[in-house]
Amino acid sequence: MDKILSGIKPTGKLTLGNYIGAIKNFSKIQYEGETFLFIADLHALTLPIDPVELSNNSRDICAYYLAAGLDPKHTTIFLQSTVCEHSEMAIILQNYLYMGELSRMTQFKDKSQKMDQNAIGLGLFAYPVLMAGDIVLYDAKRVPVGEDQGQHVEITRDLVKRFNHRYGDVLVMPKAEMVKVGARIMSLSDPTKKMSKSDPKGDIFLSDDLAVMRKKIMSAVTDTGHEVKYDVENKPGISNLMTIYGALKNKSFDEIEKEFEGKGYGDFKRAVADAVVEEMEPFKARYNEVIASGLVDQVLQEGAIRAKAVASKTLERVKRAVGLYNINK
Ligand code: AQP
């Protein structure tokens, strides 16, 4: 059975992009393998964050996983910081990725560009090292992610190749997997930019009221013309709404174009808003139930034990491979 691993970092309120590009898919594929889903709270420290917010966001992600139908009896759901092997693995692996390649990572370039150049944390730079450790610790072959995380899985593959070339067949080679439709949902106010939880403009947050979600869709930036046609270059706004609609209704762009032939943007936006509300209404109700049930702590405690049992074995294997002296042999 292949191992599947993914995570979300609790840097802000989750968006519809996180839901379509990641969470919705996790619940579909969880039984296809041994699945590990974590809350990447150590990754969230790579940029300044309020401690209360970080802790609340972490709890919320777990609740959203459960609301989406992730089954904690099958899928190991855990907090990254509760499994110390992640940190230890990163300390070892940092020696097998190079500063040149880390400095070329798009996420690092995007995020560091906006910062005071004298105050860029080492953690932000080394983010892909920690992420590589997250992946290899669970021998994950499949790593479902949205488009923006694809590059970090690629650099993990480079690391695995380099490491195994030196020490033999120690680490399992992972592969990124992306949803066919919705791996990059764009901002509703600027459809040339990704919908992102750290950028509050133009996003639909999973915590928004249904009426607010509807309003945001109805006022989404669209393009000149009135034809509902998929054309990212000339119609980025409509193409983004088509992606959202297609992902939620499981329809191809051709089917959507036919469905809205002869109708205007107004009718189409109403249909997109209906689709979002239809999906979010039961999802948000389940989230509220999970929060009220107190299940989150129990799931995370059990998850930490199960995750640690797997991660500690891999770490031991890696330590032996690189020659760290084993006093327990
Ligand atoms: N707009 C998006 N469309 C599709 N997928 C997306 N994901 C994020 N935004 C979109 C995917 O959601 C998963 C969790 O994301 P993450 O927290 O690990 O990192 P991220 O890609 O950096 O997400 P954000 O929302 O943009 O966070 P911030 O603003 O903190 O950087 C990943 O699989 C991601 O690809």
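For reference, positions follow the sequence shown, starting with 1. One-based numbering, in listed order, for ligands and for the atoms of each. Values below: all heavy atoms of this structure, side chains included; hydrogens, waters and symmetry mates excluded.
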Is ligand 1 under 4.0 Å from a heavy atom in the side chain of [X], in the backbone, in both, or in neither?
{"X": "S196", "answer": "both"}
{"X": "R184", "answer": "backbone"}
{"X": "K111", "answer": "side chain"}
{"X": "I185", "answer": "both"}

Which atoms of ligand 1 are found less than 4.0 Å from any heavy atom of [X]?
{"X": "A22", "answer": "12 (O), 13 (C)"}
{"X": "G21", "answer": "4 (C), 5 (N)"}
{"X": "T11", "answer": "28 (P), 30 (O)"}
{"X": "A183", "answer": "3 (N), 4 (C), 5 (N)"}

**Q.** Between CG on residue D139 and OG1 on residue T314, distance to nearest 0.5 Å
**A.**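 It comes to 4.5 Å.
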Q: Identify the residue among F253, Y245, F268 that makes a ring-ring contact (aromatic ring centres under 6.0 Å, His included) with Y230.
A: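 For Y230, the ring-ring contact (aromatic ring centres under 6.0 Å, His included) test succeeds with only one of F253, Y245, F268, which is F253.
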Q) Can K13 be said to sit on top of F205's aromatic six-ring, NZ or CZ under 6.0 Å from centre and within 45° of the ring axis? A)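 Checked: cation-pi criterion met.
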(Q) I want to check a possible cation-pi pair here: K263 against F260, using under 6.0 Å from ring centre and within 45° of the ring axis as the test. (A)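 Yes - K263 lies over the ring of F260, closer than 6.0 Å to its centre and within 45° of its axis.
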Q) Would K193 and S187 count as having a side-chain donor-acceptor pair, cut-off 3.5 Å? A)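 No, because no side-chain N or O of K193 sits under 3.5 Å from a partner of the opposite role on S187.
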Q | Close approach, N18 and ligand 1, non-hydrogen under 4.0 angstrom | A |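 So N18 counts as touching ligand 1.
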(Q) Tell me the nearest of K194, M178, Q107, M195 to atom 23 (O) of ligand 1, using heavy-atom distances. (A)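 Selected option, by shortest heavy-atom distance: K194.
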